[in-house]
Amino acid sequence: MELRQLSYFVTVADELHFGRAAERLHIVQSAVSQQIRRLERELGAELFDRSPRHVRLTGAGERLLPEARAVLAAAERARAAVAPPVGLRLATSTGLGEHLDRVLAEFAVRAPGVPVELVSGGARERLEQVVDGRVDAAFVRSVEPVPGVRIVPLWDDPLVAVLPAAHPLAEGPDVALGDLAGLPLTITARRDNPPLVDLVVGACGDAGFEPVPGASGGSLQDRLATIGAGIVPQWTVVYASHARVLHSPRVAFLPFREPGLALATGLAVRAGRSVPGLDVLLAACTAAAAR
């Protein structure tokens, strides 16, 4: 007796039609009939009363059906017991810094042995990955949700100013945005991070000045190196959580004087889709934010 035969038997018993059972099993009807006949020969009993007008379970078939279901369920439990745990695919955002480390540590405590695959990409790409199911969730900042995506609020990410370590402003405990009016601002292109650029440029406008454009393009590491060189004093911003894991002795990270600058961070998930481990991930995010 094979599990395949029992599976075919249960499907025919559900449908009471060999043709429909074959369609559900994605095989030809003759293969279903052949396996059922083999099972009947092995058991020494007919399981179905076949006629041109109907298919019905015989008494033997009715007695076998619950036992067959139990055997198939037990086989599935056995497979699940040795199968590797289903992993979580998580798209990350630049600058999460300590937050990401804490989230992953909290998740590992709550779901030991469950792998987490980290995927990088721009904000728009991360949302697209959530929509089409390439990732289970994505960290995003201050974005408008797109159709099919739900944003779960997590925490606010404060920004800090980055200045040459040798600059006089770097000697203070913090910096007012207006004090930076005379220095060029080097920042990522708006197309790559609209919420960040709009926040910084808008805040400069509220402080009474339009930022002088500084060096553009390149990675954050390139911008930090340019600022650290100090040939032309410039400034930029990074997330405070990221600044704490950066090692750049030639630059200074200064918090902005009140009211400061911050972007809201959330977790983008596919609306209406149940994702194994998502509740655990959200609990890990909440615990990480509280630390």
Side-chain angles (χ1 to χ4, degrees), residues 90-107 118 120 122-123 126 138-143 151-181 183-190 192-204 206-207 211 214 218-228 233-268 284-291:
L90 180 61
T92 62
S93 175
T94 301
L96 286 171
E98 290 182 335
H99 284 307
L100 182 59
D101 292 337
R102 290 172 178 168
V103 167
L104 294 179
E106 293 287 348
F107 185 84
L118 300 181
S120 61
R126 293 196 300 276
F139 288 109
V140 293
R141 288 192 179 92
S142 298
V143 298
I151 308 295
V152 181
L154 295 178
W155 56 70
D156 286 339
D157 258 329
L159 292 166
V160 297
V162 185
L163 290 163
H167 195 279
L169 288 174
E171 297 177 2
D174 55 23
V175 65
L177 197 57
D179 294 339
L180 304 172
L183 300 178
L185 169 64
T186 173
I187 196 169
T188 187
R190 185 183 183 278
D192 296 329
N193 197 336
L196 175 67
V197 176
D198 290 348
L199 173 68
V200 174
V201 173
C204 290
D206 293 341
S219 65
L220 173 61
Q221 207 60 44
D222 294 336
R223 291 194 292 277
L224 295 181
T226 299
I227 293 172
Q234 302 181 66
W235 68 285
T236 191
V237 294
V238 299
Y239 298 103
S241 58
H242 194 191
R244 287 190 286 270
V245 299
L246 291 173
H247 302 285
S248 300
R250 300 176 69 186
V251 301
F253 301 101
L254 298 174
F256 287 102
R257 207 161 295 158
E258 291 294 336
L261 300 177
L263 281 176
T265 295
L267 194 68
C285 291
T286 300
R291 286 174 57 182

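Position 1 is the first residue of the sequence; numbering continues from there.
Interatomic distance, CG of L261 versus SG of C204, reported as 8.0 Å (0.5 Å rounding). The CG atom of L224 sits 5.5 Å away from the CZ atom of F253 when rounded to the nearest 0.5 Å. Atom OG1 of residue T236 and atom CG of residue L163 lie 10.0 Å apart, to the nearest 0.5 angstrom.
In this structure, the side chains of F256 and P158 stay at 4.5 Å or more apart for every pair of heavy atoms. Between L159 and L196 there is a side-chain heavy-atom pair separated by less than 4.5 Å. Using a 4.5 Å heavy-atom threshold, the side chains of W235 and L185 count as touching. Inter-residue side-chain proximity for L90 and L267 is flagged as met; some heavy-atom pair is nearer than 4.5 Å. Residues C285 and H99 form no side-chain contact, since every pair of their non-hydrogen atoms from C-beta on lies 4.5 Å or further apart.
For R141, the side-chain contact (heavy atoms from CB on, under 4.5 Å) partners two or more places apart in sequence, or in a different chain, are S93, L96, D157, Y239, L263, T265. Applying the side chain to side chain donor-acceptor pair (under 3.5 Å) test to R250 and every residue at least two apart in sequence or in another chain returns nothing. Residues meeting the side chain to side chain donor-acceptor pair (under 3.5 Å) test with D198, sequence neighbours left out: R190. L104 meets the side-chain contact (heavy atoms from CB on, under 4.5 Å) test with L100, V116, L118; sequence neighbours excluded. By the side-chain contact (heavy atoms from CB on, under 4.5 Å) test, A287 pairs with E106, R110, sequence neighbours left out.
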Under 3.5 Å, sequence neighbours excluded: what are the donor-acceptor pairs made by side chains of residues 165-175?
{"residue": "H167", "atom": "ND1", "partner": "L169", "partner atom": "N", "Å": "3.0"}
{"residue": "D174", "atom": "OD1", "partner": "R257", "partner atom": "NE", "Å": "3.1"}
{"residue": "D174", "atom": "OD1", "partner": "R257", "partner atom": "NH2", "Å": "3.1"}

Residues V200, I187; criterion side chain to side chain contact (heavy atoms under 4.5 Å, CB included); working and verdict
CA-CA 9 Å; V200 174; I187 196 169; 4.1 Å; yes

